[in-house]
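First up is the structure itself, then whatever we jot down about it.
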2 protein chains.
Amino acid sequence: MRYEQLADLPCSITRPLVVLGDRWTLLILKEAFAGVRRFNAFQGNLGIPRSRLQDRLGRLVDHGILVRRQADEGEHPEYRLTSKGHDLYPILMAIRDWGDTHMAPDGPPVRYRHRDCAGEARVALACDCCGEGMTAHDVVPEAGPGLVAHLGADLRE
Amino acid sequence: MRYEQLADLPCSITRPLVVLGDRWTLLILKEAFAGVRRFNAFQGNLGIPRSRLQDRLGRLVDHGILVRRQADEGEHPEYRLTSKGHDLYPILMAIRDWGDTHMAPDGPPVRYRHRDCAGEARVALACDCCGEGMTAHDVVPEAGPGLVAHLGADLRE
DNA sequence: CCAAGGCAGTCTCTTTTCGAGACCGACGCG
DNA sequence: CGCGTCGGTCTCGAAAAGAGACTGCCTTGG
C-alpha cells in the first residue's frame with residue numbers, strides 16, 4: 001500500500017499523479033476530450049481490455065473527473081467530463097506539445113486549431129504577475145499554505 | 001504487446017504517454033526537476049523499489065530524457081535532465097496547476113515563484129496567433145503533416 | 001414470436017509487472 | 001581491519017494487466 005499513500009504527501013504534482021499515473025487513464029481522458037462517451041467506443045479506440053476500462057472509468061467517476069449518465073432507464077450510459085475533468089485539458093495539451101516537438105519526426109499528426117482563427121493552441125508557462133515566459137530555471141519553490149496546514153495536522157497527531 | 005504498439009499511432013498525446021504513463025516515471029522526473037541526481041536520493045524520496053527505479057532510470061536514459069554521467073571513474077553516477085527532458089517541465093506544471101485547484105483543499109503546498117518577482121508560474125493555453133486564452137471548446141483538431149506521412153507509410157507497406 | 005446483433009458489463013484464466021527485502025562489490029574512513 | 005555508504009542486482013510472493021468467453025438487456029427485422 002506504499003504507493004497509494006503518496007497521495008497524502010503535500011505535493012500538488014504527486015497527488016494528481018496517483019490518480020492519473022498509469023497506462024490507461026490519460027489515454028481514456030484523451031478520448032473523452034475527443035468526444036468519446038460510450039464504453040465500446042473507448043474500448044475499441046484504445047484496445048484496452050474491457051475489465052480494465054470498467055475499472056478505470058469507475059475510478060474516474062469516483063474522483064469526479066467523469067460522470068456516468070444514463071439518460072432514461074434502459075438507455076446506454078454515457079461517460080462525460082465534469083468541469084473538474086475538463087480542467088485537465090492543459091495537461092494533455094502540454095503532453096501533446098512535447099510529443100509534437102520530440103516524438104513527431106514528420107511534423108504534428110494533428111493540429112489543434114483555434115476556432116475561426118489561423119492559429120493553433122499552445123501551452124505556455126508564464127509569470128502570473130509580470131506575464132513573462134518562464135522555464136524551470138526561473139522557478140523558485142517556496143512553502144505555501146497547504147504545506148503549513150499539513151505540518152500543523154502532523155503536530156496534532 | 002498491444003499496449004506498446006500504441007506508440008506507433010500518429011498521435012502526439014499517445015506517443016509520449018507510452019513513455020511517461022506509469023506509476024513512477026513522472027514522479028522520478030518531478031524529483032529530477034527538484035534537483036535530485038543520485039540513485040539513492042530518488043529511491044529515498046519516492047520510496048520506489050530499487051529494481052523499479054533502476055529500470056525506469058534506464059528507460060528514461062534510453063529515451064534521451066535523462067543522461068547518466070559518471071564524472072570520474074569510481075565516482076558516483078548522476079542522472080541529469082537533457083534538454084529534451086527539460087522540455088517536460090510544462091507538463092509537470094500543468095499537473096500541479098490541476099492539483100492545486102482540485103486536490104489541495106488547504107491551498108497550494110508549494111508556491112512556484114518567479115525569481116525576483118512577486119508572481120507565480122502558471123500554465124496557460126492560448127492561441128499562438130491571436131494570443132487569446134483557449135479551452136477545449138475553442139479547439140478544432142485538423143490533420144497535420146505527420147498524419148499525412150503516416151498514411152503514406154501505410155500505403156507503401 | 002423468434003433470431004440476430006449491438007451494447008455494457010462480468011468472469012476466468014494466464015502472463016506480466018510490481019514490491020519487499022536480502023545480497024553484492026566498490027569505495028571511503030578511522 | 002571493521003563499518004558505513006552508495007549503486008546496483010537477485011529472488012520470490014503478491015498485485016495488476018491482458019485475452020477472451022459469457023451474460024443480460026434492448027432493438028430490429030422477419
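Chain letters run A, B, ... following the sequence lines, proteins first and then strands; every chain starts at 1.
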Between [N] atom [atom2] and [X] atom [atom1], what is the distance in whole Å?
X	N	atom1	atom2	answer
B:Leu53	D:dG7	CG	P	10 Å
B:Phe42	D:dG7	CZ	P	10 Å
B:Asp22	C:dG19	CG	C1'	14 Å
B:Asp55	C:dT17	CG	C1'	10 Å
B:Ile48	C:dC18	CD1	P	9 Å
B:Glu75	D:dC6	CD	P	13 Å
B:Tyr3	D:dA19	OH	C1'	18 Å
A:Gln70	D:dC26	CD	C1'	12 Å

- Would you check, one step at a time, whether the test side-chain contact (heavy atoms from CB on, under 4.5 Å) holds for B:Val139 with A:Phe33? CA-CA 10 Å; B:Val139 171; A:Phe33 276 106; over 6 Å; no
- By side chain to side chain donor-acceptor pair (under 3.5 Å) - contacts of A:Arg56 (at least two apart):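 Testing A:Arg56 for side chain to side chain donor-acceptor pair (under 3.5 Å), a comparison that skips the adjacent residues, returns A:Asp22.
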- For A:Ala41 and for A:Arg23, locate the closest nucleotide of DNA chain C by heavy-atom distance; then report the residue assigned to the nucleotide nearer the 5' terminus.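 The residue mapped nearer the 5' terminus is A:Ala41.
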- Is there a side-chain polar atom (N or O) of B:Arg56 under 4.0 Å from OP1 or OP2 of C:dC18?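 So the side-chain polar atoms of B:Arg56 do come within 4.0 Å of the phosphate oxygens OP1 or OP2 of C:dC18, strictly under.
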- Do any side-chain nitrogens or oxygens of B:Trp24 fall under 4.0 Å of OP1 or OP2 in C:dC18?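 The answer is no; no side-chain N or O of B:Trp24 sits under 4.0 Å from OP1 or OP2.
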- Query: Can you name the closest pair of heavy atoms from A:Ile48 and A:Phe42 and give their distance?
  - Reply: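 Where A:Ile48 meets A:Phe42 most closely, the heavy atoms are CG2-O, 4.2 Å.
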- Keeping the roles fixed (side chain from B:Trp98, backbone from A:Gly85), state whether a donor-acceptor pair exists under 3.5 Å.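 Judged by distance alone, no pair lies under 3.5 Å.
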- Any side-chain heavy atom of A:Leu46 sitting closer than 4.5 Å to one from A:Ile28?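 A side-chain contact under 4.5 Å exists here.
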Show each protein N/O and nucleotides 8-12 of chain D N/O combination with a separation under 3.5 Å, one pair to a line.
from	atom 1	to	atom 2	distance (Å)
D:dG8	OP1	B:Arg68	NE	3.0
D:dG8	OP1	B:Arg68	NH2	2.1
D:dG8	OP2	B:Tyr79	OH	2.9
D:dG8	N7	B:Arg50	NE	3.1
D:dG8	N7	B:Arg50	NH2	2.8
D:dG8	O6	B:Arg50	NE	3.1
D:dT9	OP2	B:Gln54	NE2	3.0

- Query: According to a 4.5 Å side-chain heavy-atom criterion applied to Ile, Leu, Val, Met, Phe, Trp and Tyr, with indirect links allowed, do A:Val61 and A:Ile65 form part of one hydrophobic cluster?
  - Reply: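 A:Val61 and A:Ile65: one cluster.
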- Mind running side-chain hydrogen bond (donor to acceptor under 3.5 Å, both in side chains) on B:His137 and A:His86 for me, showing each step along the way? CA-CA 10 Å; B:His137 296 306; A:His86 201 261; 3.2 Å; yes
